[in-house]
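By convention in this document, chain letters (A, B, ...) are assigned in the order of the sequence lines, proteins followed by strands, and residues within each chain are numbered from 1.
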Amino acid sequence: MATFQSLPGFRDFYPDDLARRNHIFRLWRRTATTFGFAEYDAPVLEPLDLYKAKSGEEIEAQLFSFTDKGGREVALRPEMTPTVCRLVGAKANALKRPIKWFSIGEFYRYERMQKGRGRAFFQFNADVFGEPGIEAETELIGLLVQCLCAFGLTEEDYFVRLSDRNLWFYYLGALGLDDARIRAVLGAVDRYEKYGDDAFKGYAEQFGTIDPALKERVLAFLQIRSLAALEAVVAPLQDGRMSARLAEWRKLLGNLTAMGLERFISVDLGVVRGLAYYTGFVFEAFDRKGELRAIAGGGRYDDLVGKLSGTQLPAVGFAIGDMTFALLLEQRGLTPPLVTAADVFCVIGGEGERPAALGAIQSLRAAGFRVEYPFKELAFGKQFKAASEAGAKLAIIFGGDELARGVVKIRDMSDRSEREVAQAEVVDAVRDALGG
RNA sequence: GCGGCCAUAGCUCAGUUGGUUAGAGCACUUGAUUGUGAUUCAAGGGGUCGCGGGUUCGAAUCCCGUUGGCCGCCCCA
């Protein structure tokens, strides 16, 4: 007999696991709703070209892709952004602005597993479409922070690094670099934290060893960690585009400060978020201890909706992955205790009393109470123990003596007090006792 | 795709230089208890020792392969 197990990188969710996952989703969903974001969903399977169009041919190696029975090249979605761009682009003219949407879904990437990374994982995605100004960034960074704080995480636990790809382009352009060189330098910036000077190897292979003076200025720029430091570097250049950009920075940081979020935000030009389609501000959330991979990441992508749907629409978005996030909660002891307590446990004297109990159980459940009872005949002692283990607040005793008088006993499990109630009034009595 | 470490009950693990029927704790089921929740005690179920092959009189133990897991590299939308 062959035995089966889940595919590598895929997880089973037993009830305890699913309870934890649902708790996370519940708080994300509630938080997004309070920010006025509307939830959407879309197919898990998409045309392969949707991802090739966004990320190039190489992406296919990272996808669960195949040819379906109709000969279509398809792929399980590795991320939500192309899909949501398709949705929004198709109805852009009919949607009220700003468009604020979120989703929680499962994604699939054909990759090697690692801590905080599997082949199937969930992401919370939130995007704002149709808003070219920093109001969109304000809204999303505010949402990101609240999506983490809702679980009890504080500025001691994580922070959000805020950077700006536009500023990098303007700065490197002002230093005389062409577009290809700028991208190579940004690649080095992205890797600098991990590899130090070796990060510039890629640049050297393409364009020769980087000019030491240029490298100095790049390193100085990527080490900027405050608005004041940024202003000190940018102001002397007297570059119109950079000055305008700096004004945007002041507005955005002003907004975030007004929201009381400055303690979570760290100006950090060392973040550029890979190659990608980002066109302005980018941000990533990390644990303060620096032990985990990024918890969340996002930024502005003003060209992507147009590229994928033909309708130009500015956009900002971010995603939180469930795996690293769950690790962080666990590390900080913020995994919630599982609360699966019953409201009522019915103690049944014997098979003769069972019909009366079943009738009451059905009525109580119909009234919305969570009711448990033993399937098989059990001694009273066992039943009270079971009631206690079920976390029941009340026990209702269907005993022969009581039923003969048309009553049942309701026992408060916390103080062990008991009182008798007419059988016909059980639902009202429970509602009264539980305040429901 | 590459490298390192690991794999014994549902979970955490023990298992002698290779030696007879593979163990413990926790968890689970049942009983002590025929109308009241604790503690305790007793019993029970559950393993082809990840899988396949090899060496050997004999393998959980040694060797090879394979699958899966953890960690790192590449990548990270």
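The side chain of A/Tyr278 sits closest to B/A77 out of B/C74, B/U36, B/A77. Closest to the side chain of A/Glu111, from the set B/A77, B/A38, B/C73, is B/A77. Candidate nucleotides B/A77, B/A38, B/C71 were compared by shortest atom distance to the side chain of A/Arg109, and B/A77 ranks first. With distances taken from any side-chain atom of A/Lys194 to the nucleotides B/C2, B/C76, B/G68, the minimum falls on B/C76.
Rounded to an integer number of Å, the gap from CE of A/Met113 to P of B/G68 is 11 Å. Atom P of nucleotide B/U34 and atom CZ of A/Arg354 are separated by 17 Å, given to the nearest angstrom. B/C73 atom C1' lies 14 Å from atom CG of A/Asp198, rounded to whole Å. Remark: P of B/U36 and CD1 of A/Ile397 are 10 Å apart, rounded to the nearest angstrom. One interatomic measurement links the two molecules: CD of A/Gln114 to C1' of B/C2, which rounds to 12 Å at whole-angstrom precision. In this entry the distance linking CG of A/Asp415 with P of B/G37 reads 15 Å, nearest Å. The distance from atom CZ of A/Phe384 to atom P of B/U33 is 19 Å, rounded to the nearest whole Å. With rounding to whole Å, A/Lys115 atom NZ is found 19 Å from B/C6 atom P.
Base pairing of B/C74: no nucleotide in any strand meets the Watson-Crick or G-U wobble criterion (both distances under 3.5 Å). The nucleotide B/A42 finds its pairing partner in B/U30, both defining distances of the Watson-Crick or G-U wobble pair being shorter than 3.5 Å. Base pairing of B/C5: its partner is B/G69, meeting the Watson-Crick or G-U wobble criterion (both donor-acceptor distances under 3.5 Å). With a cut-off of 3.5 Å on both Watson-Crick or G-U wobble distances, the partner of B/A14 is given as none. Pair assignment for B/G58: none, as no Watson-Crick or G-U wobble contacts are both less than 3.5 Å.
Nucleic acid contact for A/Gln383: none, since no nucleic acid atom lies under 4.0 Å from a heavy atom of the residue. Within 4.0 Å of A/Gly297, counting heavy atoms only, lies no atom of the nucleic acid at all. Here A/Arg77 lies out of heavy-atom contact (under 4.0 Å) with every strand. Within 4.0 Å of A/Met413, counting heavy atoms only, lies at least one base atom of the nucleic acid. Within 4.0 Å (heavy atoms only), A/Pro78 reaches at least one base atom of the nucleic acid. Looking at heavy-atom distances under 4.0 Å, A/Gly9 makes contact with sugar-phosphate atoms alone, never a base. Using a 4.0 Å heavy-atom cutoff across all strands shown, A/Glu402 reaches at least one base atom of the nucleic acid. Heavy atoms of A/Lys409 sit under 4.0 angstrom from at least one base atom. Within the 4.0 angstrom heavy-atom criterion, base atoms lie near A/Gly399. At a threshold of 4.0 angstrom between heavy atoms, the contacts of A/Glu389 with the nucleic acid are absent.
The aromatic rings of A/Phe325 and A/Trp28 lie tilted to each other, with the angle between the two planes from 30° to 60°. Using cut-offs of 30° and 60° on the angle between ring planes, the pair A/Phe159 and A/Phe286 is tilted.
Taking atom P in both B/C62 and B/G15, the straight-line distance is 12 Å, to the nearest Å. Taking the P atom of each, B/U56 and B/C63 are spaced 16 Å apart, rounded to whole Å. Here the separation of B/U48 from B/A9, taken at their P atoms, is 8 Å to the nearest Å. If you take atom C1' in B/C74 and the same atom in B/C28, they sit 45 Å apart, rounded to whole Å. Taking the P atom of each, B/A14 and B/G25 are spaced 16 Å apart, rounded to whole Å. Separation of the C1' atoms belonging to B/G44 and B/C6 is 33 Å when rounded to the nearest angstrom. Between B/C57 and B/G10, the distance separating the two C1' atoms is 37 Å to the nearest Å. When the P atom is compared between B/U8 and B/U16, the two are found 16 Å apart, to the nearest whole Å.
The shortest distance between the side-chain N/O atoms of A/Arg273 and the OP1/OP2 oxygens of B/A77 is below 4.0 Å. Within the structure, every side-chain polar atom (N or O) of A/Lys382 is placed at least 4.0 Å from both OP1 and OP2 of B/U30. A/Arg117 has no side-chain polar atom (N or O) that falls below the 4.0 Å cut-off from OP1 or OP2 of B/C74.
In the interface, the side chain of A/Arg293 is paired with the base of B/C76 through a donor and an acceptor atom under 3.5 Å apart. Taking 3.5 Å as the limit, the base of B/G37 and the side chain of A/Arg411 contain a donor-acceptor pair of atoms between them. No N or O donor and acceptor, one from the side chain of A/Glu418 and one from the base of B/G35, sit under 3.5 Å apart.
No hydrogens or angles considered: a donor-acceptor pair under 3.5 Å links the side chains of A/Gln114 and A/Arg293.
Between A/Leu252 and A/Trp249 the shortest side-chain heavy-atom distance does not fall below 4.5 Å.
Salt bridge annotation for A/Glu418-A/Arg411: present, with a cationic side-chain nitrogen under 4.0 angstrom from a carboxylate oxygen.
Stacking between A/Phe380 and B/U36 is absent: the aromatic ring centre is not both under 5.5 angstrom from the base six-membered ring centre and within 30 degrees in plane angle.
Environment of CD in A/Glu330: sparse, with no more than 12 heavy atoms of neighbouring residues, nucleotides or ligands closer than 6.0 Å.
In this structure, A/Phe107 has its ring center at least 6.0 angstrom away from the ring center of A/Phe122.
Toward the 5' end of RNA chain B, the nearer of the two residues A/Asp401 and A/Tyr110, judged by each one's closest nucleotide, is A/Tyr110. Both A/Leu63 and A/Leu7 sit near RNA chain B, but only A/Leu7 has its closest nucleotide nearer the 5' end.
Remark: side-chain polar atoms of A/Thr154 are paired, donor with acceptor, to backbone N or O of A/Glu156 under 3.5 angstrom.
Only one option out of A/Phe124, A/Phe25, A/Tyr40 pairs with A/Phe102 in a ring-ring contact (aromatic ring centres under 6.0 Å, His included); it is A/Phe124.
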